[in-house]
Amino acid sequence: MTSPGRGAAVVTGAAGGLGRAIAAALHADGWSVLLTDLDPDAAAAAAVPSGGWSAALDVRDEAACVAVAEVAASRGGLGLWVNNAGILVTGPSWEHDAATRRRVFDINALGAVNGTLAALAVMRRQGHGHVLNVVSLAGLVAAPGETMYAASKHALLAFSLGTQSDLRMAGYRRVHVSCLCPDGIWTPMLHDRLDDPGALASFTGSMLTPQRVAARVARLARRPRPVVSLPRWRGAQVRLLDTLPRLTAALIPFLTAVGRAGQRRQSRRSRPTDPS
């Protein structure tokens, strides 16, 4: 049941994985959710359980983000915009071509910037609203093997925190920007990374379910905070490593071993069981 007065919630990259789980959690918490995705058919299918409200959206298209924000605002205001769309590339930075590097930043960083600014144009006019950016622990530390991904997430974190400060300087007290920085999440983004040495960092901690992260998104939507890590202890751990780059470099062999062990553990957990 939709709670009156909240306005609509927009979720990007919502056709599957974490985005779909976020949309479901927000719907269960009373939001009217507009599911958006590059694949309109998949977004429409994912939207059926929450009322069937969906739209095609390429977050790289600034004008398209503006149009979606206005559509959402037409249904009682825009209360929440969740920038979830993102892609992962792994391996040494020098192995990626220019097109790949640009695509990572265009989607993970500039795509979220487009969504944030489109949402804020409505929210500033309303005088209230909340942008929630799904960052990553890779936005808090330079994850080895995921350099380009981490760089794009660092950019998003800096943009989000700076924009929050800009809003306060401009006198907007009821418009918020929050960042959620989760550990590795078992979604299709990692399903084919169990043998990828570049993805070891994503397997060094607690492998989260999309539902657990989505539940935290719903809580954060109710109570905005600038930066939240999930789990909390991992945020403290990676922040410490970020302040000690020489130590982090020295620990690479250990972190590699831990990540490989995590990949093997997740491989066993995700192996189909024999019905016989």
Side-chain angles (χ1 to χ4, degrees), residues 2-14 18-19 21-36 57 59 62 65-66 68-86 108-137 139-140 152-182 212-230 232 235 239:
T2 302
S3 298
R6 272 184 168 178
V10 174
V11 181
T12 70
L18 178 59
I22 290 172
L26 291 175
H27 174 68
D29 201 41
W31 290 91
S32 172
V33 186
L34 172 55
L35 286 77
T36 71
L57 178 62
V59 297
E62 183 179 359
C65 289
V66 170
V68 166
E70 293 295 342
V71 167
S74 70
R75 293 202 184 184
L78 176 58
L80 178 68
W81 182 293
V82 181
N83 283 307
N84 164 75
N108 294 357
L110 292 177
V113 169
N114 289 339
T116 298
L117 296 180
L120 290 182
V122 173
M123 293 171 181
R124 288 166 49 235
R125 187 170 71 227
Q126 297 173 161
H128 64 88
H130 185 188
V131 175
L132 198 162
N133 290 326
V134 179
V135 183
S136 168
L137 285 183
L140 301 176
S152 68
K153 293 297 187 175
H154 273 65
L156 176 55
L157 184 69
F159 167 79
S160 302
L161 293 176
T163 299
Q164 175 71 35
S165 297
D166 289 342
L167 287 167
R168 295 297 175 266
M169 288 177 64
Y172 294 100
R173 303 296 173 188
R174 298 177 58 217
V175 181
H176 307 280
V177 180
S178 295
C179 294
L180 181 64
C181 299
R212 180 179 175 186
V213 179
R216 189 65 184 91
V217 168
R219 286 171 52 203
L220 187 56
R222 294 195 300 268
R223 185 183 177 189
R225 294 175 58 188
V227 182
V228 172
S229 57
L230 184 70
R232 185 181 298 177
R239 283 179 180 276

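The residues of the chain are indexed from 1 along the displayed sequence.
Remark: the backbone N or O of Cys181 is not paired with any side-chain donor or acceptor of Ser136 at under 3.5 angstrom. Looking only at distances, no side-chain donor or acceptor of Lys153 sits under 3.5 Å from a matching main-chain atom of Ala109. A distance-only check finds no donor-acceptor pair linking the side chain of Asn84 to the backbone of Val134 [under 3.5 Å]. Panel note: side chain Gln126, backbone Leu78; a donor-acceptor pair is recorded below 3.5 Å.
The number of heavy atoms from other shown groups lying within 6.0 Å of CZ (Arg168) is above 12.
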For Val131 and His176, what are the C-alpha separation, side-chain angles and deciding distance, and is it a side-chain contact (heavy atoms from CB on, under 4.5 Å)?
CA-CA 6 Å; Val131 175; His176 307 280; over 6 Å; no

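Inter-residue side-chain proximity for Val228 and Leu230 is flagged as unmet; no heavy-atom pair is nearer than 4.5 Å. Leu57 has its side chain within reach of Cys65: a pair of non-hydrogen atoms, C-beta onward, lies under 4.5 Å apart. In this structure the side chain of Met123 never reaches within 4.5 angstrom of the side chain of Thr116, judged on heavy atoms. The side-chain heavy atoms of Ser178 and His130, taken from C-beta on, include a pair separated by under 4.5 Å. Residues Tyr172 and Leu120 form no side-chain contact, since every pair of their non-hydrogen atoms from C-beta on lies 4.5 Å or further apart.
Atom CD of residue Glu62 and atom CG of residue Leu110 lie 10.0 Å apart, to the nearest 0.5 angstrom. Note that NE2 of His27 is 10.0 Å distant from CG of Leu35, once rounded to the nearest 0.5 Å. Between Arg222 atom CZ and Arg6 atom CZ the span is 7.0 Å, to the nearest 0.5 Å. Atoms CG and SG, on Leu132 and Cys179 in that order, are 8.0 Å from each other to the nearest 0.5 Å. The CG atom of Leu80 lies 4.5 Å from the CH2 atom of Trp31; values are rounded to the nearest 0.5 Å. The structure places CG of Leu18 at 13.0 Å from CZ of Arg212, a figure rounded to the nearest 0.5 Å.
Checked options Val82, Leu26, Ile22; the residue passing with Val33 is Leu26 (criterion: side chain to side chain contact (heavy atoms under 4.5 Å, CB included)).
Heavy atoms only, all atoms of each residue included: Ser229 and Leu137 are closest at CB-CD2, 4.1 Å. Shortest non-hydrogen contact noted between Ala72 and Val10 is CB-CG2, 3.6 Å. Residues Ala69 and Ala118 approach most closely at CB-O, 3.6 Å, considering heavy atoms. When all heavy atoms of Val11 and Ala14 are compared, the closest pair comes out as O-CB, 3.6 Å. Nearest heavy atom pair, residue Ala214 against residue Ala25, reads O-CB, 3.7 Å. Nearest heavy atom pair, residue Ala85 against residue Asn108, reads O-OD1, 4.5 Å.
Considering only residues two or more places apart in sequence or on other chains, Glu70 meets the side chain to side chain donor-acceptor pair (under 3.5 Å) condition with Arg125.
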Listed pairs under 3.5 Å, donor-acceptor, residues 155-164 side chains, sequence neighbours left out:
residue : atom : partner : partner atom : Å
Ser160  : OG   : Asn133  : ND2          : 2.8
Ser160  : OG   : Leu156  : O            : 2.8
Thr163  : OG1  : Phe159  : O            : 2.7
Gln164  : OE1  : Val177  : N            : 2.6

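Applying the salt bridge (Lys or Arg N to Asp or Glu O under 4.0 Å) test to every pair with at least one member in residues 170-181, sequence neighbours left out, gives no pairs at all.
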